[in-house]
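A quick write-up on the structure given underneath.
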Amino acid sequence: MEEPIMFDSTNRRAEAVTFREALLKGQAPDKGLYMPRSIPALSAGEITGFAKMEYHEIAHFVSGKFLQGQLPDRDLAALCRDAYDFPVPLEKVDDRQYVMRLDQGPTASFKDFAARLMGRLINYYLLQGNEKLLILTATSGDTGSAIANAFFGLDNIQVLVLFPEKEVTTRQRKQMTTLGGNVSIISVDGKFDHCQALVKEAFSDPELAHLPLSSANSINIGRLVPQIVYYFYAYSRLRRLPDEPAVFSVPSGNFGDMMGAVLAMRMGLPAKRLVIATNENDEFPRFVSSGSYRPIEPSRNCISSAMNVGHPSNLARLIALYGGTMDEKGHIGRMPDMERLRRDIFAVSITEAETRQAIRSAFEKHRLLLEPHGAVGWAGLQQYLLQEPQAPDQLCVSLETAHPAKFPEEIRAILGFDPSLPPSLLGIEDRAESSLAMANDYPKFKDFLKKNYS
Ligand SMILES: *Cc1c(COP(=O)(O)O)cnc(C)c1O
């Protein structure tokens, strides 16, 4: 058997661990992020072979490269088959321009891709050790529903989500409260920050130390590996010639999605350039052009709300991959290879006006329906093509990361109609809800945890 790939912390002051340990730990003890020490390379023949494989088979192949020796191959294959049971449409826009719709999962967001496989892997290891976990999460809407849905029905995991009663939309709430089973929901009479504070206090409460609490952290390596897969998938379906280079455009916030693209490129994906498009939180495009990095504090509120990030949590990983170091606060210890980074990445910030204009013109010109996040990616791709003109047959793929029906207000204001619901959200209005209302009161919350989970 081949040696397992080891994972190092980007802060370089923690011991290297296997995938399993990195998955269960989340963050490294030195507050750094885990990164694979070596990146497995795929041969041209392996990449060609993807054309004949289903999505879940490609997911199995690619993640297997990082997980070798960490679980039997057939078990990983089964987890992938179970996680990826929904379509991944590639919508043709122009001759060689496509939009990859990552919005057909259970919460109609691309976060389903990462959360579903991570949940299944964690559950797999818990089953092996006959251990249980209680995932405790505070949400302002989308993260909670992606986590709740991804972990729904997994035997050894209980999920408890706290949300601010008055701050989530009806649709967001129903994505959480209609699940039941191992998923419990508490609506807190307070704001998101109060929910967050309740969860944090529970994590550090010695009287709850006997509970197996975990947070399904967004920087977990288990969420990164699955995000490599769809780049290979799109390429396998769309290329016309062997080794034909493709341009991918990625609407970005915390840069997990972008890291998936960069890792795919390092593994051998023939990517000509990655367009990394942010909203008005432009700290990264500024860094790429100037070489100096300044987080934006507080972050700017844009309609692509899931990308309102003033200091991307995965940036340290990108810097590490290009030979530099950055600590958790954003201080650069050693500069990365900027020349190589600029060769691989075209970074661009899209304004609010440009985002709205992209939604309008994509629909008017191409009947392409985008929501604000996907529109940032699409507008970024158009700016790249304007600044660096390509041959007309250049293959380009822009990612749509959420379903337009999740943002009906914006779409209605710009296009004058309501997008229809995807299958995953159909019928949700009529399903029975169950949640517990609670005051913003820690002793009460603690009592609840002790009574129900001890
Ligand atoms: C989280 C999210 C993003 C940003 O992805 P990152 O990996 O954080 O860059 C983009 N679009 C949508 C809809 C999201 O939910």
Inset, instruction - Answer with yes or no after comparing the ring centroid distance for Y235 and F248 against a 6.0 Å cut-off, counting only values under it. - result: no
Is the closest side-chain donor-acceptor distance between N279 and N308 under 3.5 Å?
yes
Exercise. Is the centre of the F50 ring less than 6.0 Å from the centre of the F61 ring?
Worked result: yes
Open item on the list: One thing to verify: whether E46 and K65 come together as a salt bridge, which I'm taking to mean a side-chain N less than 4.0 angstrom from a carboxylate O.
Closed with: yes
Discussion item. Check the orientation of F66 and F7. Use parallel for under 30°, tilted for 30 to 60°, and perpendicular for over 60°.
Written reply: tilted
* To do: Keeping the roles fixed (side chain from N182, backbone from F151), state whether a donor-acceptor pair exists under 3.5 Å.
  => yes
Taking every heavy atom of G32 against every heavy atom of S9, the minimum-distance pair comes out as CA-OG, 3.4 Å
message = Could you check whether any side-chain N or O of R273 sits under 3.5 Å from a backbone N or O of R342, counting only pairs where one atom can act as donor and the other as acceptor?
response = yes
| message | Counting only heavy atoms from other residues, nucleotides and ligands, does the tally under 6.0 Å from CD of E15 exceed 12? | response | no
Residues L449 and A202: closest non-hydrogen pair is CD1-CB, 3.9 Å
Nearest heavy-atom approach of K111 to A306 is NZ-CB, 4.4 Å
Please confirm whether R266 makes a cation-pi placement over Y231, using NZ or CZ under 6.0 Å from the six-membered ring centre and within 45° of the ring normal.
-> no
Correct closest heavy-atom pair for P312 and E283 would be CD-OE2, 3.4 Å
Given the options E165, E167, E433, R173 meets side chain to side chain donor-acceptor pair (under 3.5 Å) only with E433
(Q) Check whether D337 reaches the backbone of Y322 with its side chain - one donor and one acceptor, N or O, closer than 3.5 Å. (A) no
Would you say the ring centroid of F113 lies under 6.0 angstrom from that of Y55?
yes
- Message: Walk me through whether T107 and N149 qualify under side-chain hydrogen bond (donor to acceptor under 3.5 Å, both in side chains).
- Response: CA-CA 7 Å; T107 69; N149 278 272; 5.6 Å; no
Given 3.5 Å as the limit, does a donor-acceptor pair link the side chain of N11 with the main chain of D327, or not? no
With sequence neighbours left out, the residues meeting salt bridge (charged side-chain N to carboxylate O under 4.0 Å, His left out) with E91 are R101
Note: V159 and A148 closest approach over all heavy atoms is CG1-CA, 4.3 Å
Worksheet entry | N/O donor-acceptor pair under 3.5 Å between R120 side chain and R116 backbone | yes
Taking the six-membered ring for Trp and the single ring otherwise, decide whether the centroids of H373 and F110 are under 6.0 Å apart.
no
Residues pairing under side-chain hydrogen bond (donor to acceptor under 3.5 Å, both in side chains) where one sits in residues 309-321, two or more places apart or in two chains, turn out to be N254-S313, Y293-H311, N314-R317
Residues pairing under side-chain hydrogen bond (donor to acceptor under 3.5 Å, both in side chains) where one sits in residues 195-212, two or more places apart or in two chains, turn out to be D205-Y442, D205-K446, E207-K446, E207-K450, H210-S454
Salt bridge or not between R286 and D282? Use side-chain N to carboxylate O under 4.0 Å. yes
| message | I'd like to know if the side chain of E244 and the backbone of L241 have a donor-acceptor N/O pair within less than 3.5 Å. | response | yes
Give a yes or no answer on whether the side chain of S252 reaches the backbone of V250 with a donor-acceptor pair at less than 3.5 Å.
yes
Name the orientation class of the two ring planes belonging to F445 and F448 (parallel below 30°, tilted from 30 to 60°, perpendicular beyond 60°). parallel
### Task
Could you tell me whether a side-chain N or O of T325 sits under 3.5 Å from a main-chain N or O of R334, the two making a donor and an acceptor?
yes
